[in-house]
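When reading the values below, keep in mind they use all heavy atoms of this one structure, side chains included, and skip hydrogens, waters and symmetry mates.
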Amino acid sequence: LFSKGPRRRPGRRRCLSGLGGCSFGGGGGGRRRLAGSGDEDAAALLSSVLANLWATYAITPVTKAGVASLLGTLLGVVDEPGLCTDEISQGSLNFLNTVLMHSFEAQIGISAAATASAASAFAYILETPMFNTSDPKSLTTATNVTSTLALASANQMTGAFDGVGYGLTAPGVTMYSYRSAADALVSGAASVSTSSAGAPANSAPSASFNTSLGSFASATGLGSSVAASSLLDVRVATLEANLYQYALAATAGTAAAAASRADQPAGGSGASGGGGLLLR
């Protein structure tokens, strides 16, 4: 997982279904406002919509269509990041993870529409103030973010065959997941890169291995459960958001940074490294 600097997008012109009374400012950068209401009123309404979404989730069958509908509605909650309080942002991230987890447990896979909604909602959540404040809970939040990527990847790879990969993209988010037989993966025959998901080839990070199956199994903790024909999934992702910029400020080289797996500046080594953080 590679983390880069923040990226801002132009204002969106979406109105959550059922909200009513929405009006937009002029120009291409117009942002959603509730007529006659301030941001606090908008946030209160979004909190109510999110609560109702949880209630809807409780009675929605776990099907591809049901998951797509839930994630499409979630997208409408978070598509104006500046209106999302930390509670809305965290609740939305938890909702996304919960829906993806139950979808994976049901082994139903995920539709293209649901994947697109999940990716876009995830990207919007990364733009919320929750990731732009010195919130002491930001390290836990960042851990939840990596869980979101893992769950999205697992859903995409449900039922996939050897040699099959899937991409997930949204502004500021790119991920590619690939399934390979263990012997091909560890021999270096299989390389996984976000270029397969559309990222520019000259700057897309990639992952490959060149070792023995035994060493790979030992290093990953998989042990004797890995055979040459075992199917393994690898995912590589880039986020144009620095999830740890506050939680790990001024901790380069410390035990806290090493424990977070976020102690390697991209583009160099040690304190001289440039750019964002490389999460091993």
Minimum heavy-atom distance [X]-[Y], with the two atoms named:
X	Y	value
Ala228	Leu213	N-CD2, 3.5 Å
Val77	Ser92	CG1-OG, 4.1 Å
Val78	Tyr124	O-CB, 3.2 Å
Pro81	Pro129	O-CD, 3.3 Å
Val226	Ala182	CG1-CB, 3.8 Å

Note to self: Tell me which pairs pass salt bridge (Lys or Arg N to Asp or Glu O under 4.0 Å) where either residue lies in residues 207-224, with sequence neighbours left out.
What the structure shows: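 Of all non-adjacent pairs touching residues 207-224, none passes salt bridge (Lys or Arg N to Asp or Glu O under 4.0 Å).
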Margin query: Under the salt bridge (Lys or Arg N to Asp or Glu O under 4.0 Å) definition, can you give me all pairs with a residue in residues 209-227, not counting sequence neighbours?
Written below: none
Which donor-acceptor pairs under 3.5 Å do side chains of residues 43-52 form with protein atoms, sequence neighbours excluded?
{"residue": "Ser47", "atom": "OG", "partner": "Ala43", "partner atom": "O", "Å": "3.1"}
{"residue": "Asn52", "atom": "ND2", "partner": "Ser48", "partner atom": "O", "Å": "3.4"}

Check: Under the side-chain contact (heavy atoms from CB on, under 4.5 Å) criterion, do Phe95 and Leu53 qualify, and how do the steps go?
Finding: CA-CA 9 Å; Phe95 184 85; Leu53 186 56; 3.4 Å; yes
Identify every side-chain donor-acceptor pair in residues 191-198 under 3.5 Å, counting partners at least two apart or on other chains, and give the distances.
{"residue": "Ser193", "atom": "OG", "partner": "Ser195", "partner atom": "N", "Å": "3.1"}
{"residue": "Ser193", "atom": "OG", "partner": "Ser195", "partner atom": "OG", "Å": "3.0"}
{"residue": "Ser193", "atom": "OG", "partner": "Pro205", "partner atom": "O", "Å": "3.3"}

Distance-only criterion, 3.5 Å: show the donor-acceptor pairs between side-chain atoms of residues 104-118 and protein atoms not counting sequence neighbours.
{"residue": "Gln107", "atom": "NE2", "partner": "Phe104", "partner atom": "O", "Å": "2.8"}
{"residue": "Ser111", "atom": "OG", "partner": "Ala114", "partner atom": "N", "Å": "3.1"}
{"residue": "Thr115", "atom": "OG1", "partner": "Ser111", "partner atom": "O", "Å": "2.9"}
{"residue": "Ser117", "atom": "OG", "partner": "Ala113", "partner atom": "O", "Å": "3.3"}

Once you round to the nearest 0.5 Å, how far does [atom1] of [X] lie from [atom2] of [Y]?
X	Y	atom1	atom2	result
Ser89	Leu126	OG	CG	10.0 Å
Thr148	Leu168	OG1	CG	11.0 Å
Glu127	Asp79	CD	CG	10.5 Å
Tyr178	Leu185	OH	CG	9.0 Å
Leu96	Leu75	CG	CG	10.5 Å
Glu80	Thr128	CD	OG1	12.5 Å

Next item on the list: Carefully, step by step, assess Ile125 and Met130 under the rule side-chain contact (heavy atoms from CB on, under 4.5 Å).
Entry: CA-CA 8 Å; Ile125 290 171; Met130 180 170 66; 4.2 Å; yes
Notebook entry, point to check: Is it the case that one hydrophobic cluster holds both Val145 and Leu71, taking links as side-chain heavy atoms less than 4.5 Å apart, direct or via other members?
Noted result: yes
side-chain hydrogen bond (donor to acceptor under 3.5 Å, both in side chains) pairs, two or more places apart, involving [range]:
range	answer
residues 149-172	Ser103-Asn155, Ser153-Ser177
residues 224-234	Arg179-Asp233
residues 57-66	Tyr57-His102

Next item on the list: Take Thr174 and Val236 through the test side-chain contact (heavy atoms from CB on, under 4.5 Å) and record every step on the way to the result.
Entry: CA-CA 8 Å; Thr174 306; Val236 178; over 6 Å; no
Next item on the list: Compare all side-chain heavy atoms of Thr98 with those of Trp54 and state whether any distance is below 4.5 angstrom.
Entry: yes
Next item on the list: Sequence neighbours left out, what pairs pass ring-ring contact (aromatic ring centres under 6.0 Å, His included) with at least one residue falling in residues 189-237?
Entry: Phe209-Phe216
Next item on the list: Start with the C-alpha gap between Leu222 and Leu232, add the side-chain angles, then the distance that decides, and say whether side-chain contact (heavy atoms from CB on, under 4.5 Å) holds.
Entry: CA-CA 11 Å; Leu222 296 174; Leu232 303 176; 4.2 Å; yes
Item checked: Cluster companions of Leu231 among Ile, Leu, Val, Met, Phe, Trp, Tyr (side-chain spacing under 4.5 Å) -> none
Checklist line | Residue list, side-chain hydrogen bond (donor to acceptor under 3.5 Å, both in side chains) with Ser187, at least two apart or on another chain | finding: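 Ser187 satisfies side-chain hydrogen bond (donor to acceptor under 3.5 Å, both in side chains) with no other residue.
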Next item on the list: Sequence neighbours left out, what passes side-chain hydrogen bond (donor to acceptor under 3.5 Å, both in side chains) with Asn94? Give chain and number order.
Entry: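 If we apply the side-chain hydrogen bond (donor to acceptor under 3.5 Å, both in side chains) test to Asn94, skipping adjacent residues, the hits are Gln90.
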Next item on the list: Examine the side chains of Asn97 and Ser147 and answer whether a donor and an acceptor come within less than 3.5 Å of each other.
Entry: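 Per modelled atom types, Asn97 and Ser147 side chains form no pair under 3.5 Å.
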